[in-house]
Each structure stands twice: as structure tokens, then as C-alpha cells.
Engineer: 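Sending over a structure as C-alpha cells; questions will come in a sec.
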Amino acid sequence: DVCSSDLAPSGTAGNAISFTQALTLDASGNLGIGTSSPSQKLEVTGTALSKAAGNSARFDATDTSSGGATITLNSAFAGAGTPALQTQTNHPILFAPNNTECARIDSSGNLCLGGTSVGGGAVVCFIANATTVPTSNPSGGGILYVQGGALKYRGSSGTITTIANA
């Protein structure tokens with residue numbers, strides 16, 4: 001069974017009114033807004049907007065099955081005009097394009113690029129050894145990378161400078 005809301009009328013004054021399905025609740029408990037066949041508990045096709053009094057609109061996603069991690073999109077973390085991506089719990093924030101972790105910010109504020117641990121440091125940046133050394137010259141900037149444990153910098157002229165040996 002599917003429960004659909006046909007309460008979105010459209011038309012022109014003096015003409016017949018047509019109704020367009022705007023909301024679907026299927027037998028699995030999936031709610032669709034803008035779709036007639038939702039595949040998740042909430043599926044929105046189109047733009048969703050969250051507003052709250054006091055400029056503090058939030059969206060929380062919580063994993064209740066493994067450790068209780070919560071990630072929050074907060075439109076006013078430290079006051080109006082300062083949005084944040086934050087955790088509400090002692091968990092890192094991972095960046096994983098194509099479902100592969102490439103960076104994380106751990107619960108102490110450490111930045112890890114290409115790794116998962118800073119080795120017990122505090123407020124540090126970890127950079128894993130480059131799997132492919134950069135060969136092209138960056139335009140208007142530079143590339144910081146690690147090769148064989150040595151910290152290196154490649155400038156826009158192509159000059160490679162070893163900043164710190166392994």
C-alpha cells in the first residue's frame with residue numbers, strides 16, 4: 001500500500017484545477033517528497049530548506065548502531081554567519097571521495113592527509129608519503145608533499161625544494 005498526498009492543486013482561475021502528487025509514504029515507511037517511489041526513509045527530489053528561529057538551522061545525522069556518532073550541519077555554530085560541519089561526539093570527520101578515505105580531522109583537531117593517525121601528536125598535520133610524485137607545475141601556487149619521509153615543495157616554476165629530510 002502507498003499513501004499519497006494529492007493536495008498540490010494547480011491551474012488558472014476559471015478553469016479546472018488539476019492535482020499533482022507531492023508526497024508519498026510507502027508501506028515500508030519511506031517518505032518521498034517530489035518522488036513517487038522513495039528508496040530511503042526520507043528522500044527529497046529537489047531542494048530542501050531548513051530554517052530555525054535565531055539563525056540556528058541544523059541537520060543532524062546519528063548512527064545509533066555503532067558508537068553513536070553524530071554529524072551536524074549547523075548554520076550558526078558560533079553565531080549568525082558562521083556555519084559549521086561538526087560532530088556532537090568524540091569522533092573524527094572523514095573526507096572520503098569515491099568511498100575512499102583521503103583525509104580526516106580527528107577529535108583533537110589534528111589534520112591527517114592520506115593517513116588515519118598523527119602518532120600521538122596534538123594539533124599537528126600528518127601527510128602520508130605520496131604514492132605518485134607530482135610531475136606538473138602548479139599554476140599560481142605550489143604543492144606540498146612527502147616522498148620517502150622527506151617533506152618537499154614543488155613551486156610553479158617546477159623547482160623542488162626539500163624542506164625537511166626523512
Side-chain angles (χ1 to χ4, degrees), residues 26 28-166:
D26 70 15
S28 300
N30 295 337
L31 177 63
I33 300 172
T35 179
S36 59
S37 54
S39 61
Q40 304 292 321
K41 289 297 176 190
L42 175 62
E43 183 174 335
V44 178
T45 300
T47 302
L49 175 64
S50 173
K51 288 185 176 182
N55 296 319
S56 60
R58 292 171 46 143
F59 174 78
D60 292 339
T62 301
D63 176 1
T64 59
S65 64
S66 60
T70 298
I71 190 157
T72 300
L73 296 173
N74 186 343
S75 67
F77 175 68
T82 54
L85 174 64
Q86 65 190 96
T87 61
Q88 301 292 316
T89 52
N90 189 21
H91 292 84
I93 296 176
L94 307 181
F95 299 88
N98 200 27
N99 209 27
T100 302
E101 181 180 342
C102 65
R104 71 170 49 205
I105 300 173
D106 71 17
S107 60
S108 296
N110 299 318
L111 173 63
C112 302
L113 303 174
T116 59
S117 172
V118 297
V123 193
V124 297
C125 177
F126 167 84
I127 304 173
N129 280 318
T131 55
T132 304
V133 176
T135 57
S136 62
N137 298 337
S139 176
I143 301 170
L144 187 64
Y145 64 98
V146 175
Q147 180 183 22
L151 181 61
K152 298 186 176 188
Y153 175 82
R154 182 183 186 108
S156 58
S157 68
T159 302
I160 298 172
T161 304
T162 299
I163 298 170
N165 292 317

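Numbers here are sequence positions counted from 1.
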Engineer: Grab the two heavy atoms, one from Val44 and one from Ala48, that are nearest each other, plus how far apart they are.
Structural biologist: CG1-CB, 4.3 Å
Engineer: Using salt bridge (charged side-chain N to carboxylate O under 4.0 Å, His left out) as the criterion, list what pairs up with Glu43, not counting sequence neighbours.
Structural biologist: none
Engineer: With sequence neighbours left out, write down each residue that passes side chain to side chain contact (heavy atoms under 4.5 Å, CB included) with Ser156, or none if nothing qualifies.
Structural biologist: none
Engineer: Side chain to side chain contact (heavy atoms under 4.5 Å, CB included) with Ala128: which residues, sequence neighbours excluded?
Structural biologist: Phe126
Engineer: Distance from Cys125 atom SG to Leu151 atom CG, nearest 0.5 Å?
Structural biologist: 9.0 Å
Engineer: For the residue pair Pro138 and Gly142, what are the closest heavy atoms and their distance?
Structural biologist: CG-CA, 3.7 Å
Engineer: Tabulate below the donor-acceptor pairs under 3.5 Å that side-chain atoms of residues 93-102 make, not counting sequence neighbours, or state none.
Structural biologist:
residue: Thr100; atom: OG1; partner: Asn98; partner atom: O; Å: 3.4
residue: Glu101; atom: OE1; partner: Arg104; partner atom: NH2; Å: 3.1
residue: Glu101; atom: OE2; partner: Arg104; partner atom: NE; Å: 2.7
residue: Glu101; atom: OE2; partner: Arg104; partner atom: NH2; Å: 3.3

Engineer: Mind checking what makes salt bridge (charged side-chain N to carboxylate O under 4.0 Å, His left out) contact with Arg154, not counting sequence neighbours?
Structural biologist: none
Engineer: Would you mind listing every side-chain hydrogen bond (donor to acceptor under 3.5 Å, both in side chains) that reaches into residues 124-133, with sequence neighbours excluded?
Structural biologist: none
Engineer: Return the CD to OG1 distance between Gln86 and Thr70, rounded to the nearest 0.5 Å.
Structural biologist: 10.5 Å
Engineer: Could you work out, with side chain to side chain contact (heavy atoms under 4.5 Å, CB included) as the rule, every residue matching Ala130, not counting sequence neighbours?
Structural biologist: Tyr145
Engineer: Please give me the minimum heavy-atom distance between Pro92 and Asp106, naming the atom from each residue.
Structural biologist: CB-CA, 3.8 Å
Engineer: Using the side chain to side chain donor-acceptor pair (under 3.5 Å) criterion, which residues pair with Ser107? Sequence neighbours excluded.
Structural biologist: Asn90
Engineer: Checking Thr87 now: which residues fulfil side chain to side chain donor-acceptor pair (under 3.5 Å) with it, not counting sequence neighbours?
Structural biologist: none
Engineer: Checking Lys152 side chain against Ile143 main chain: does a donor-acceptor pair fall under 3.5 Å?
Structural biologist: no
Engineer: So, using side chain to side chain contact (heavy atoms under 4.5 Å, CB included) as the criterion, who are the partners of Thr159 when residues are at least two apart?
Structural biologist: Ser157, Thr161
Engineer: With a 4.5 Å cut-off on side-chain heavy atoms, are Leu85 and Leu73 touching?
Structural biologist: yes
